[in-house]
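Comments concern the structure below.
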Amino acid sequence: MVQALNSALDVMLARDPDVLIFGEDVGYFGGVFRVTDGLQKKHGLTRCFDAPIAEGGIVAAAIGMGAYGLRPVVEIQFADYIYPAYDQLVSEAARLRYRSAGDFFAPLTVRTPYGGGIFGGQTHSQSPEALFTHVAGLKTVVPSNPHDAKGLLIAAIEDDDPVMFFEPKRLYNGPFDGWHDKPVEPWSKHPASDVPEGHYVVPLGKAAIARAGADVTILAYGTMVHVALAAAAHAEVDAEVIDLRTLVPLDLESIVASVEKTGRCVIVHEATRTSGFGAELAALVQEHCFYALEAPIARVAGWDTPYPHAFEWEYFPGPKRVADALRAVMAA
Amino acid sequence: MVQALNSALDVMLARDPDVLIFGEDVGYFGGVFRVTDGLQKKHGLTRCFDAPIAEGGIVAAAIGMGAYGLRPVVEIQFADYIYPAYDQLVSEAARLRYRSAGDFFAPLTVRTPYGGGIFGGQTHSQSPEALFTHVAGLKTVVPSNPHDAKGLLIAAIEDDDPVMFFEPKRLYNGPFDGWHDKPVEPWSKHPASDVPEGHYVVPLGKAAIARAGADVTILAYGTMVHVALAAAAHAEVDAEVIDLRTLVPLDLESIVASVEKTGRCVIVHEATRTSGFGAELAALVQEHCFYALEAPIARVAGWDTPYPHAFEWEYFPGPKRVADALRAVMAA
Amino acid sequence: MTNATKLSLHVPAPKARPGDPVDFSPLTPPPAGALGRPDIAVHAEDTRDHARGLIRVLNDEGEAVGAWNPRLNAEVLREGLRAMMLTRAFDDRMFRMQRQGKTSFYMKCTGEEAVACAAALALPRDDMCFPTYRQQGMLIARAYPLVRMMNHIYSNAADPNRGRQMPVHYTAKAYGFFSISGNLATQFPQAVGWAMASAYKGDTRIATAYIGDGSTSEGDFHQALTFASVYRAPVILNIVNNQWAISSFQGFAGAGESTFAARGLGYGLPSLRVDGNDFLAVFAATQWAAERARANLGATVIEHYTYRAAPHSTSDDPTRYRPAEEAEKWPLGDPIERLKKHLIARGEWSEAKHKALDKQVVEEVRAAGKESEAIGTLGQSRPSVKEMFEDVYKDQPWHLRRQRQELGV
Amino acid sequence: MTNATKLSLHVPAPKARPGDPVDFSPLTPPPAGALGRPDIAVHAEDTRDHARGLIRVLNDEGEAVGAWNPRLNAEVLREGLRAMMLTRAFDDRMFRMQRQGKTSFYMKCTGEEAVACAAALALPRDDMCFPTYRQQGMLIARAYPLVRMMNHIYSNAADPNRGRQMPVHYTAKAYGFFSISGNLATQFPQAVGWAMASAYKGDTRIATAYIGDGSTSEGDFHQALTFASVYRAPVILNIVNNQWAISSFQGFAGAGESTFAARGLGYGLPSLRVDGNDFLAVFAATQWAAERARANLGATVIEHYTYRAAPHSTSDDPTRYRPAEEAEKWPLGDPIERLKKHLIARGEWSEAKHKALDKQVVEEVRAAGKESEAIGTLGQSRPSVKEMFEDVYKDQPWHLRRQRQELGV
Ligand SMILES: Cc1ncc(C[n+]2csc(CCOP(=O)(O)OP(=O)(O)O)c2C)c(N)n1
Ligand SMILES: Cc1ncc(C[n+]2csc(CCOP(=O)(O)OP(=O)(O)O)c2C)c(N)n1
Ligand SMILES: [Mg+2]
Ligand SMILES: [Mg+2]
């Protein structure tokens, strides 16, 4: 996935002189997760460069650049460190077009690795996506595989609205399905690791069916798509797994079609449960599929605690917990 | 309500030398909404004082003071300006006790006026409470009347956890029910304006039944409690109106008891709809009351746009919109 | 630690509160013309005196003196005078209109007109200014239609902001005027980003940003200076020190022990402190900073030392927290009076002409007012309610379309 | 704007990247003892030379010279030497343990030991330090049990943090050591708040805060200095300039055109720049700043000029972005070697004693290691899983109780 993201950036730097990249350690070094590796060397010092450790300043500068006419792509080193930029994102990036009636807008893309599973403890594991889905004016994207990651990132950069692009860091180097004590598979063995060269787009706002099924719908995104698949296999349930890909704007149509068909729904995310994006999904599903539902919608999520270092795998909503929920929903 | 809040602060300054108040313009001037009026004069320059315009610094200083052993109460002038303090609240105040295993904690109270209806446009009208309910470690409180405001604020100050205290600014001077073209009633005519002198507590985590009813449950907080009551009257529906008072920790028991009884539920808030706290409420209600529900849970909320100056009353989820939802839910 | 001093918390307080006598004597302004005008390639450290002193061009006699005299022709000065007078007349009318209930809110810049008007004339309008709500003078100096400003203030059917913003949050890209944010200080680092973009593209345009004294305390201020320093951004970073932030005097922004301009030195940014009520000084400093920026020498910090003679906004009553007579006693005088005196001293103006111009600008504002009010004041007319759902995104997503339908518009 | 200069974006770069020759000659350190020691009531402006120069006590011969010589007795110096050596030994072992998979993460402070160890001995432990992850020397100098540090690093059953934090995020209230945050810079303004609280209560205790060079770019840095200035908070604001922030050299924090210490002057805060590898200089500067704070004179900014000889963390490989030989060529030398030389020059130490001590500290660390590893390394033992749900709030609310039950613990 790292290579796919790198390729998306490479393609866009080559295609569009108005695209530039900056962030902490992304320049000479190529980023702590190596996503921008080689880009400074290839495209030049002013196309991909380091920034002061000031997430608010990074986003603010990107807004100014966007207002000038550029398409800045910034990296926030960990999603856990996005909060100092929260004001610039919520009050400024999200509202500029609206408040100026289109006189100004800022088409920035904010890339940031999120999620746990790397022993990062509470400050290198968070999934703050719901804090952005509540904000009108922002789009929120979460890829789950290399193919989508590249196509969605290109779509995000070309989009004229500010896009929050959450990269599941646990998927950077392989399709992790939550069985943490099994050996890690590399992406190369996964079909979605087939990443076309050059420019292509996976459109924002369109979900994908990661697995077709008849009995229950699982709504997931990012790392949890793989966990959902593993859980369905583990529970031996014929689940339809929907990979949302974009949270805002949401592909509600695909969700409703699936739940109308299955009559059951399990929602999975790694973020803390209360007021997580799963709440919005549950609210929407009951609103739109009330008469089709045969069981309460279940949410499997991170607990309402910080992400603890030593209890990472008890915190992580792994395949066993998801499988339990599937069984419970099927039994209801 | 302003006087009730002022009285809570006055009582606590007098009772506890470790309570102090600071924030923008709260000192000599007494705050832009007059909530701290007279407190500096009465209790002294170091008990209630002005702060630099730096919401992050204000909260950070309060955390440090809390760690020392004080009980700081800070004011963020408008909830719209809380985002510069978001990192200090989310990453620091909320986590200090957890990360230090109780070695340190910061019992601060953050007071902030929220909500629209005063022609404040997008930067003086927001309801960001859901952005805090997603954060483990914070408590979130929203009073709806003077009696509760005083008792809850005292409870918040005495609480050993950080508490977000959202004050519905449209209720500061009267029980506004959303009929914006009718004359404004003063609090003095309202039963809940009877505020005892001295110290008393309304416990955190306990909802109140604002109106008992049989046909449908309305979940609301802050200004929307009054709107819900007006809407029920307008729609001539025998609604049970639950005033949540505390969003986290939530009084789920009262909610479930009511919905189990009525079989119908309408949720009302002023915040933008997507990922608002209504989503969490809807998710919980369908989870816990699935088999009792006779209709989809409806949400009436602010639209997914910024709060616009000229369309304030089209944005505001007023009694007509709530009444429509009540009728729809009753008809379903 | 036996017998140690008991610590005590210092809470700053202004010299005078309502009822106290006003005494500005410790602020006796330094003489005009005293400070040199350094080369634009100056090292930050060598602007130390400029950051702690006060650059002044107009002396008490109304003469322009010293190295900072921008030697402007009378035409430009009269244009500046007119812009300041028009701004004041505009402010007066709109303040009254708010009092009459014709709009919800207004903010004046009385006493601070030189800060915005001089900069507006010193810079071409293809540079981009990132203003606060107190730089309306910039739009007016550049002949932005008053009617359009009013249409915005009234949120009427012709409001360029489509009824979405509170009054005084103008946006005017074609006039080099960035959309004003209600969130203090956020524009400061954005301006640096705009300037970085211009440099990145090999452009020649620069950015200029404004922030109030109180707002310098926000983290955004620091991030702006840091980025400006690191990337040598072609930007002018203006701090408008009008002594007050609503009810909080500048001591709560840390002005007690230093100057705001001096902050810039620590970032290696040449920094100037300017008599903000001296049109010529503001013009000259802006020109100097713009030259630096355009020569790829990077950013300059300018503190404009002035006084907020007006209430903070129509929601404010300053007599509750400061002596009413402070404004009159302000030692740097009134920017309009000072420029008028200078023009008269140069033989380029007269009391009679001034009076006539005063009448003319009031009339101009009144005419614009009538035109705008004919379209409608707040609540009388407004853009289509549909506009509430537009421009949230470039294209309206399905959920907003559905919400619009739900509202029935 | 015809024929105007085309702007260009300046992106700073360090002098040398891997493969380039290392040349620190422009950094030739000023002689020890050159700067005066001002009265603690000094005005910020009069510390200008201290903020731009470098306070040094130990000269090349190992003698303590000049006004800043703290004239410490040999006992204290040997204690400091031991603390630094023990810190280094501790770092070495824990780094190795991480490499052996016994924990997930570790961070060394090699080359920077004087910064924390000198301060730990210069201040009583009832003052409160708000550290970063690179002040482990402070705990070690105050004889915090190494076993307990290790238990935390291993997240084992005896972890004082209850398995909740990544390694090196110590908390030790009883040792005047605030809970370390993984979020950079947040502790800086918190320390100011703690100091304000102490002043508010008429206490005599002061606060001390640490921040890295890179982290000074955060808004929190500025807010800390602003609050410290406004309220004259009794706090020492330490900037540890170790030249690097992961792969970013200090130029990305704006160090190119000024010093970090000089930032303080703009806030009216007396500011010192100190040879951070000179134990005596760090001690003396800390003492001076503490005296000021305790005398109600407010905050001091201290920049500790040093070099991060180690990788940023166990996740980092500095040879990818800087020449490997930079550390050896660092002109301010090694803090342990320099203090050793001084003690020997004073006749208070010897090579033999040093060797013995070296062995002793390694042994001490090894013994602690064995003890801690017996309790368990990462994954071998850990606190009860119940602990995941504790301390989120003081009392566990119903929803966490239910979640705990759902997990079955
Ligand atoms: C982030 C933020 N915090 C608080 C406010 C509320 N507020 C509006 S204006 C103001 C005072 C600003 O003072 P200053 O920066 O000196 O500008 P001036 O009004 O004097 O021009 C405050 C506190 C705001 N708009 N934004
Ligand atoms: C708010 C925030 N942003 C980014 C990071 C990631 N990060 C961890 S350490 C570090 C470098 C810090 O450098 P510096 O402040 O110089 O301290 P040093 O490591 O050199 O001691 C970064 C960017 C973080 N922990 N917190
Ligand atoms: Mg001001
Ligand atoms: Mg560093």
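The sequence lines fix the lettering, A, B, ..., with proteins before strands; numbering per chain opens at 1. Basis for what follows: all heavy atoms, side chains included, without hydrogens, waters or symmetry-related copies.
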If one checks every heavy atom of A:Phe105 against chain C at 4.5 Å, the contacting part turns out to be neither
From the list A:Asp87, A:Val248, A:Leu250, the residue making the most non-hydrogen contacts under 4.5 Å with chain C is A:Leu250
Okay, A:Val90 and chain C: the region with an atom under 4.5 Å from a heavy atom over there is neither
Turns out that what part of C:Phe221 lies under 4.5 Å from chain A's heavy atoms comes down to neither
What one should report as the nearest heavy-atom pair of A:Met65 and C:Gly193 is CG-O, 3.2 Å
Whatever's closer than 4.5 Å to a heavy atom in chain C on A:Ala54 counts as both
Counting only N and O atoms by type, is there a donor-acceptor contact under 3.5 Å from the side chain of C:Gln223 to the main-chain atoms of A:Gly57?
-> yes
Cut-off 4.5 Å, heavy atoms of chain A, and the answer for C:Val192 is neither
The interface call for C:Leu400 against chain A, heavy-atom contacts under 4.5 Å, is neither
Bottom line for C:Met166: the part with an atom under 4.5 Å from chain A's heavy atoms is neither
Ranking C:Ala174, C:Ala199, C:Ser181, C:Ala224 by heavy-atom pairs under 4.5 Å to chain A gives rank one to C:Ser181
Counting heavy-atom pairs under 4.5 Å with chain A, the top scorer among C:Ser198, C:Pro160, C:Ala207 is C:Ser198
Of C:Asp159, C:Asn161, C:Asp395, the largest count of non-hydrogen pairs under 4.5 angstrom with chain A goes to C:Asn161
Applying a strict 4.5 Å limit to non-hydrogen atoms, the region of C:Asp220 in contact with chain A is side chain
Bottom line for A:Ala51: the part with an atom under 4.5 Å from chain C's heavy atoms is both
Does C:Arg402 reach the side chain of A:Leu252, with side-chain heavy atoms less than 4.5 Å apart?
yes
Centroid-centroid under 6.0 Å between A:Tyr68 and C:Tyr200 rings
no
For residues 97-104 of chain A against chain C, heavy atoms under 4.5 Å, the residues are A:Arg97, A:Tyr98, A:Arg99, A:Ser100, A:Ala101, A:Gly102, A:Asp103, A:Phe104
Pair C:Lys394-A:Asp159, salt bridge (Lys or Arg N to Asp or Glu O under 4.0 Å): steps then yes or no
CA-CA 9 Å; C:Lys394 188 181 180 204; A:Asp159 196 280; over 6 Å; no
Evaluate the side-chain proximity of C:Tyr393 to A:Lys139: yes if any heavy-atom separation is below 4.5 Å, no if none is.
yes
Among C:Ile180, C:Val230, C:Thr226, the residue with the most heavy-atom pairs under 4.5 Å to chain A is C:Ile180
Just wondering, do C:Thr186 and A:Gln88 contact through their side chains at under 4.5 Å, heavy atoms?
-> yes
Is the number of heavy atoms from other residues, nucleotides or ligands under 6.0 Å of A:Glu260 CD greater than 12?
yes
Okay, A:Ile58 and chain C: the region with an atom under 4.5 Å from a heavy atom over there is both
Of A:Ile63, A:Asp161, A:Leu70, the largest count of non-hydrogen pairs under 4.5 angstrom with chain C goes to A:Asp161
d(A:Arg95 CZ, C:Gln165 CD) to nearest 0.5 Å is 9.5 Å
Greatest number of non-hydrogen atom pairs under 4.5 angstrom with chain C, of A:Gly137, A:Gly205, A:Pro17, falls to A:Gly137
Heaviest contributor of heavy-atom pairs below 4.5 Å to chain A, chosen from C:Lys201, C:Glu387, C:His222, C:Arg162, is C:Lys201
The interface call for C:Phe178 against chain A, heavy-atom contacts under 4.5 Å, is both
